[in-house]
Amino acid sequence: QAKEAAFQARIDAGDYIEPKDWMPSSYRKTLVRQISQHAHSEIVGMLPEGNWISRAPTLKRKAILLAKVQDEGGHGLYLYAAAETLGTSRDQMLDALHTGKAKYSSIFNYPTVTWADVGVIGWLVDGAAIMNQVPLCRCSYGPYARAMIRVCREESFHQRQGYESLLVMMQNGTEAQKAMVQDAVNRWWWPSLMMFGPPDSDSLHSEQSMRWGIKRNSNDELRQKFVDATVDQAKVLGISLPDPELKWNEERGHWDFGPINWDEFWRVVGGDGPCNRERLATRVRAWDEGEWVREAALAHARKQHTAKEAA
Amino acid sequence: QAKEAAFQARIDAGDYIEPKDWMPSSYRKTLVRQISQHAHSEIVGMLPEGNWISRAPTLKRKAILLAKVQDEGGHGLYLYAAAETLGTSRDQMLDALHTGKAKYSSIFNYPTVTWADVGVIGWLVDGAAIMNQVPLCRCSYGPYARAMIRVCREESFHQRQGYESLLVMMQNGTEAQKAMVQDAVNRWWWPSLMMFGPPDSDSLHSEQSMRWGIKRNSNDELRQKFVDATVDQAKVLGISLPDPELKWNEERGHWDFGPINWDEFWRVVGGDGPCNRERLATRVRAWDEGEWVREAALAHARKQHTAKEAA
Amino acid sequence: MGAMKLSNTHTQRYLLRIADAALILSQRNSEWCGHGPILEEDLAQANMALDLLGQARALLTHAGAADGLDEDQLAMLRLEHQFLNPVLFELPHAVDGRRPGDFAFTVVRNFLTAAWFNLLWTKLLDSCDTELAAIAEKSLKEARYHLQHSADWCVRLGDGTADSQVRMQAALERAWPYLGELFEGDEVDAAAEAEKLGPSWASLQAEWRALVEPVLAQATLKLPKDRPNAHRGRHGAHSEHLGHLLSDLQYLQRAYPGGTW
Amino acid sequence: MGAMKLSNTHTQRYLLRIADAALILSQRNSEWCGHGPILEEDLAQANMALDLLGQARALLTHAGAADGLDEDQLAMLRLEHQFLNPVLFELPHAVDGRRPGDFAFTVVRNFLTAAWFNLLWTKLLDSCDTELAAIAEKSLKEARYHLQHSADWCVRLGDGTADSQVRMQAALERAWPYLGELFEGDEVDAAAEAEKLGPSWASLQAEWRALVEPVLAQATLKLPKDRPNAHRGRHGAHSEHLGHLLSDLQYLQRAYPGGTW
């Protein structure tokens, strides 16, 4: 208990907790769950956008997209590394993903159907992710906070690139392109709002996470902040958001928005989104098909080691 | 010897040999080799054209192509059946194909690169095949002769369809379409001439086959006949044939043509054409991947049989 | 140029949903041509693909007439979101994209959809649209054969070896979550039913189960749990597979615009 | 509209052969992004694909300048026979099309072609075309890393487990018959050599073997027998794979003509 109190005092004082410091096992567990889930989201998140690398409309856009998807893999790497400082190996975390024990962000269970989805993912999905993630740059666990600083910097860059690509289409594109952008926004808007998680009234884990400095804002707070920021960006784009109830509330100083379909949210979280089975199967397949490669690399490293010892 | 003489006398008299009749074992062997090679050619021949089913330019052309490739499979079926009357099973013949012991027509080791290749294969490749095959409708072995009658009827239909599709492109198409047709003709012309086999001076097996009524014309005879027929069709199409030495020889009453690159012919026959390895691998893969299906069908049939016996 | 203008009436959408289901399944099944597990099945799959293609052509011609569009303009120049087939029809045979593909899935999908087509065509015999009724009459004959053929294979492979049973069950599990879309009513369906153009798709479900369940039982396959429908292909929102299928299907018309074929 | 008009000079063809080799290999290697055997290799393959794409863009821009065509017009609107890469670069990773693919083939092809690119870029440093020489300078640095990375993997997988050795040997056997095209001289090469634009490809072979053989030996892989070259991708006659790759690559520009991206 004394240890716990000292731990909480450090957090309250704004200190970073480092890997070698004592921490409650539930803090450790919560962090491993959260960081690995975040890492898995980066890895699974490579799939929907990766679907358009082969079909990017220009070589410049192809390069941007390829670099972006590569960055997501990179985020996965640092996040796995951050989680590993808590004593869980990457292979253990991947095993949890592949056996369905660990989650990843539900947004990636929606398909990318058109090229505009790529831009809209950058704008809305990365935008929502950043809202969620910026507070994590001040997370109480040092390695996670430092990883998030880097992740957020790159995500902001991606978000601007996505927005810019939509702007080009909306300002200089053909009617067909504009319709494609509007269609993509219509499909991604509501799932993006769901990215902030269930309403505060239904949210588990939140209080403890707040106390531990792992979470700093409530789901609904962040969601409102996202809506407020996005409405203006939509105007600049010249796109409409698919919510007839969206309107400025002078009194609150915020945009009101319509009810979110939480049934859909829970359905997708529960495994019945349009792509859940395929996404997981794709990751498992890549892992299984890569087994011989990992084994050979290991065998080769062992041979090298033996040869060195002998020399 | 007496049997052989009587056999030869029947052939000389124009009789058909039927499965139950006595025949020299080398006649049987030659026929199995030739008929199964022909069947294999139909099956492997489904691949280059099959490559364009998904991309046919109109639904009508897609239907025609799909029906045509299906017909080729059908030809394979009757030819295997004809060969089976000689005591070799389809599985044995397929095994010979898959292990590289049996051959198929070398023409199918060239790739289909554009849509026009489909039309040109109909026109030139099926055209050459018909030249080779029409005499086989009078082959001394009854089942083969009867199969060939049906095959030739369908092939003629395919040949006309192929030619017609080229005619539409050449007469009503865009410049890009015409260029596509010319390019395809340039690539397929010489390989089509090679389909008649090596020059008579280098041709093995021919004499005995002639005596046995399995072959009725020499390679060079048929090749000349094909060239003579095709030159006029090319004129109607408005296409040029890629042979600067092609010219009418008043004296011979035939078209002279330039030297054939027999090195290329032997190279492709020997396994080093552009697609030999892929074609065979594709067939082997389809067979291997289908093994569980064939086994299950067999197991089910056995269960049904046992159930019937028991009842 | 850009997206093709369609009048997008309820009637047109009702027709396009069926037309596209047939077209896209035909495109998928024709992938077997030259690659089947036995030669007879190469021929059978090609034959069924030809039937479906013929059905699609008749329906597309009919659906496009109001807008002055022919079958090829509809098939080759529509953008992806203008295709209205349920997602089930566009799924690749094998999840890993390997060729020739997963024949178990082919058989299962053919069976489940042939049963559905049978019921649909049967009801469409009574359509107030005489052209549609005529198409249904011809198509029903073909669909009966497809149902028989695929049911036979379901039983053969389901009740075959231990290995084939596992494969068939897995294929059934893969297909099942996509079935909801085949039985979901909406405003397009409601309008079709009200105008006696054709049945609401939702109305087909009970008969469909009655048709399908005995065969699956005979095939020793377990019915998967029903899943809530997550798919909206009928509304033009497809899986990630259709785009790749269309880039192939439409390649020539797009690369050689204005051609005569 | 129709086939793009190119001046098709020897110089342009020489440049396009290299540009298309880089472009098509980039397109192939980027297929691994999200599907690699270990995360680090997802990143490495994507990284190399990005380098190749950058090289392709520089070369396409340079090759198209004479005809007033930019990199995207050349990449997205040329017809298949106007692509001049050797066939080796367009082969799919796995012969059966399965995803993610055959990583052994990826490693082998990357190694064999990176060695070739290294020599080519080195010679091109001395090109009389200063822009080409500048592209070569930048590209050579990248190609050195590609060679090192793929050589390391060749050794690791060749001299790994018994299984990985078999896979690597099979991949090498698959790639080998396509190498002839990388070392065949022709009139385009001869002109480039005469004008000091760049080396004849045939002239690279001896050095290439000297570069490749020690690594393959260290990887415990046997050199396959050399085969006569049967491939003519450099002349625009491709395998059956390129068309499908292009229908995907070019899909958007063809489906949404006149767009601004």
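Below, chains carry the letters A, B, ... as their sequence lines are ordered, and counting in each starts from 1. Just so it is clear, the structure is predicted and the values come from calculations on it, not from any experiment.
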| request: Considering only heavy atoms and a distance below 4.5 Å, find which of B:L47, B:T58, B:V168 pairs most often with chain C. | output: B:T58

| request: May I ask you to name which of B:E295, B:M169, B:K303 has the most heavy-atom pairs under 4.5 Å with chain C? | output: B:K303

| said: For C:D102, is there an ion pair with C:R167 - N to carboxylate O distance below 4.0 angstrom? | reply: no

| note | Counting heavy-atom pairs under 4.5 angstrom with chain C, the leader among B:E72, B:E49, B:E291, B:M46 is B:M46

| query | Between B:Y163 and B:H158, is a side-chain hydrogen bond (donor to acceptor under 3.5 Å, both in side chains) present by the stated rule, with each step listed? | reply | CA-CA 8 Å; B:Y163 187 74; B:H158 297 159; over 6 Å; no

| query | Between B:G290, B:G73, B:A296, which has the largest tally of heavy atom pairs under 4.5 Å with chain C? | reply | B:A296

| message | Is B:S165 in contact with chain C via its backbone, its side chain, both, or neither, using a 4.5 Å heavy-atom distance? | response | neither

| Euclidean distance, C:D20 CG relative to C:H238 NE2, rounded to 0.5 Å | 7.0 Å

| Residue C:D163 versus chain B: region with a heavy atom under 4.5 Å | side chain

| Relative to chain C, which segment of B:L59 carries a heavy atom at a distance below 4.5 Å: side chain, backbone, both, or neither? | both

| query | In terms of the angle between their ring planes, are C:W121 and C:F117 parallel, tilted or perpendicular, with boundaries placed at 30° and 60°? | reply | parallel

| field | Minimum heavy-atom distance between B:V69 and B:G50, given as atom pair plus value | value | CG2-N, 4.2 Å

| message | I'd like to know if B:E289 and B:R294 make a salt bridge, using a cut-off of under 4.0 Å between side-chain N and carboxylate O. | response | no

| query | Who among C:Q250, C:E40, C:E31 has the most heavy-atom pairs with chain B under 4.5 Å? | reply | C:E40

| request: Pick whichever of C:G101, C:G36, C:G34 has the most heavy-atom pairs under 4.5 Å with chain B. | output: C:G34

| query | Thinking salt bridges, do C:K138 and C:E142 make one under a 4.0 Å N-O criterion? | reply | yes

| field | Heavy-atom contact with chain B under 4.5 Å, split by part of C:L53 | value | side chain

| said: Less than 4.5 Å to any heavy atom of chain B: does that hold for the side chain of C:D42, its backbone, both, or neither? | reply: side chain

| message | If I measure from the heavy atoms of chain C, does B:L77 come under 4.5 Å with its side chain, its backbone, both, or neither? | response | both

| request: May I ask you to say whether C:K5 pairs ionically with C:D67, meaning some side-chain N is under 4.0 Å from a carboxylate O? | output: no

| note | Comparing B:G45, B:P57, B:A286 against chain C, the one with the most heavy-atom pairs below 4.5 Å turns out to be B:P57

| field | Under 4.5 Å from a heavy atom of chain B, the part of C:V107 involved | value | neither

| task | Could you look at B:R302 and say if it's the side chain, the backbone, both or neither that has a heavy atom under 4.5 Å from chain C? | result | neither

| field | Under 4.5 Å from a heavy atom of chain C, the part of B:R61 involved | value | side chain

| said: With rounding to the nearest 0.5 angstrom, report the CG to CD distance, C:L157 to C:Q169. | reply: 13.0 Å

| field | Cation-aromatic face contact C:R78/C:F83, 6.0 Å, 45 degrees | value | yes

| field | chain B contact via C:Q27 - side chain, backbone, both or neither, heavy atoms under 4.5 Å | value | side chain

| message | Which atoms of C:A49 are under 4.5 Å from chain B, going by heavy atoms: the side chain, the backbone, both sets, or neither? | response | both

| query | Between atom OG of B:S105 and atom CE of B:M195, what is the distance when rounded to the nearest 0.5 Å? | reply | 4.5 Å

| field | Part of B:Q177 within contact of chain C (heavy atom distance under 4.5 Å) | value | both

| task | Check each atom of C:W32 against the heavy atoms of chain B and say whether the ones under 4.5 Å are side chain, backbone, both or neither. | result | neither

| remark: Minimal heavy-atom distance between B:N186 and B:S240, with the atoms involved, is OD1-O, 4.2 Å

| query | With a 4.0 Å cut-off, would you call B:K178 and B:D183 a salt bridge? | reply | no

| message | What part of B:A301 gets within 4.5 angstrom of chain C, counting heavy atoms only: side chain, backbone, both, or neither? | response | neither

| said: Is C:L23 close to chain B through its backbone or its side chain, or both, or neither, when contacts mean heavy atoms under 4.5 Å? | reply: side chain

| query | Under 6.0 Å from the six-membered ring centre of C:F89 and within 45° of its axis: does the NZ or CZ of C:R28 meet both? | reply | no

| request: Look at C:C33, C:A162, C:A56 and state which one has the largest set of heavy-atom pairs under 4.5 Å with chain B. | output: C:C33

